[in-house]
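Below is one structure; the comments refer to it alone.
Keep in mind that what you see is a predicted model, and the values were worked out from it rather than measured.
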Amino acid sequence: MANKEALRELQSRLAERLQAARTQDRGKSWLAVECSSRGFLFPLKEAGEIFALAPIVGVPHSHSWFLGVSNLRGHLHGVVDLAGFLGVKGSEPLREQSRLVAFNSALDINCALLVDRLSGLRSEQQLTALAEPASGPRPPFVGARYKDETGRTWQELNLAALAADEAFLRIVG
């Protein structure tokens, strides 16, 4: 019971900080999330509301990463397993900390991303940009990589570009 209260309190504090950060223009800032033990950064201006896991109704004959649709505050949202979509899905079951992060309404897509857990907010001052590897082409929604003070690597995901990605839209849009 105490864990649920602590999670609700964290979610409430994050929502307040998220709203405050959206109204201030002080450089880049992100919502940090974890999926399959990997860290991802969603630009705050592109991330929407955070929801606890809600019932999801499956959609037959769709990709395994498209979990189905869910009623979030009276609106139907497609639900995408982010780790599954990115091809980094592990064998971990859903955890109590799993959350749905909706796209900002300005992006005009009713979709929420399933993440394993929220890891707070990050700003430019807390992260150091990493040199990009000289590997092959990357999807346009994959942004820069950063390292935090603990040495953990975070990958930025541009949600506006993801919402416009052809493979993503074929299923969600």
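In the hydrophobic clustering of this structure, Leu169 groups with Leu86; members are Ile, Leu, Val, Met, Phe, Trp, Tyr whose side-chain heavy atoms approach within less than 4.5 Å, directly or through other members. Connection of Val88 to Val142 is established within a shared hydrophobic cluster, with ILVMFWY side chains joined at heavy-atom distances below 4.5 Å, either directly or through further cluster members. Phe168 is not connected to Leu41 by any chain of hydrophobic side-chain contacts under 4.5 Å among Ile, Leu, Val, Met, Phe, Trp and Tyr, and they are in different clusters. Val115 and Tyr146 sit in two unconnected hydrophobic clusters of ILVMFWY residues. Membership requires side-chain heavy atoms under 4.5 Å apart, directly or through other members.
The distance from atom NZ of Lys147 to atom CG of Leu130, rounded to the nearest 0.5 Å, is 6.0 Å. The CG atom of Leu31 lies 11.0 Å from the CG atom of Leu157; values are rounded to the nearest 0.5 Å. Note that CG of Leu114 and CH2 of Trp65 are 13.5 Å apart. Values are rounded to the nearest 0.5 Å.
A 4.5 Å side-chain heavy-atom check between Asn110 and Leu72 finds every atom pair outside the cut-off. In this structure, Leu113 and Val33 have side chains that are not in contact, with every pair of non-hydrogen atoms separated by 4.5 Å or more. Looking at heavy atoms from C-beta onward, Phe51 lies out of side-chain contact with Ser70 at the 4.5 angstrom threshold. You'll find the side chain of Glu34 reaches within 4.5 Å of the side chain of Arg152, heavy atoms only. No side-chain heavy atom of Asn104 sits under 4.5 Å from any side-chain heavy atom of Leu159. Between Glu124 and Trp30 the shortest side-chain heavy-atom distance falls below 4.5 Å. Put simply, the side chain of Val101 does not reach to within 4.5 Å of the side chain of Leu82, judged on heavy atoms. No side-chain heavy atom of His63 sits under 4.5 Å from any side-chain heavy atom of Phe85.
Across all non-hydrogen atoms, the minimal contact from Gly78 to Val69 is CA-CG1, 4.3 Å. Here the closest non-hydrogen pair linking Leu121 and Gln126 is O-OE1, 3.6 Å. Between His75 and His77 the shortest heavy-atom distance is O-ND1, 3.1 Å. Taking both residues in full, the closest heavy atoms of Phe141 and Leu162 are given as CB-N, 3.5 Å, listed atom of the first, atom of the second, then distance. Leu100 and Ala54 make their closest contact through CD1-N, 4.2 Å (heavy atoms, listed as atom of the first residue, atom of the second, distance). Of all non-hydrogen atoms in Cys35 and Phe40, the two that sit nearest each other are CB-CE1, 3.9 Å.
Of the residues Val59, Leu67, Leu53, the one that meets the side-chain contact (heavy atoms from CB on, under 4.5 Å) test with Val79 is Leu67. Between Leu127 and the options Lys28, Glu156, Arg122, a side-chain contact (heavy atoms from CB on, under 4.5 Å) holds for only Arg122.
Side chain of Gln155 to main chain of Gly39: no donor-acceptor pair is present (N/O by atom type, distance under 3.5 Å, no hydrogens or angles). Side-chain atoms of Asp116 come within 3.5 Å of backbone N or O of Ser36 as a donor-acceptor pair.
The local environment of CD in Glu166 is sparse, with at most 12 non-hydrogen atoms from other residues, nucleotides or ligands closer than 6.0 Å.
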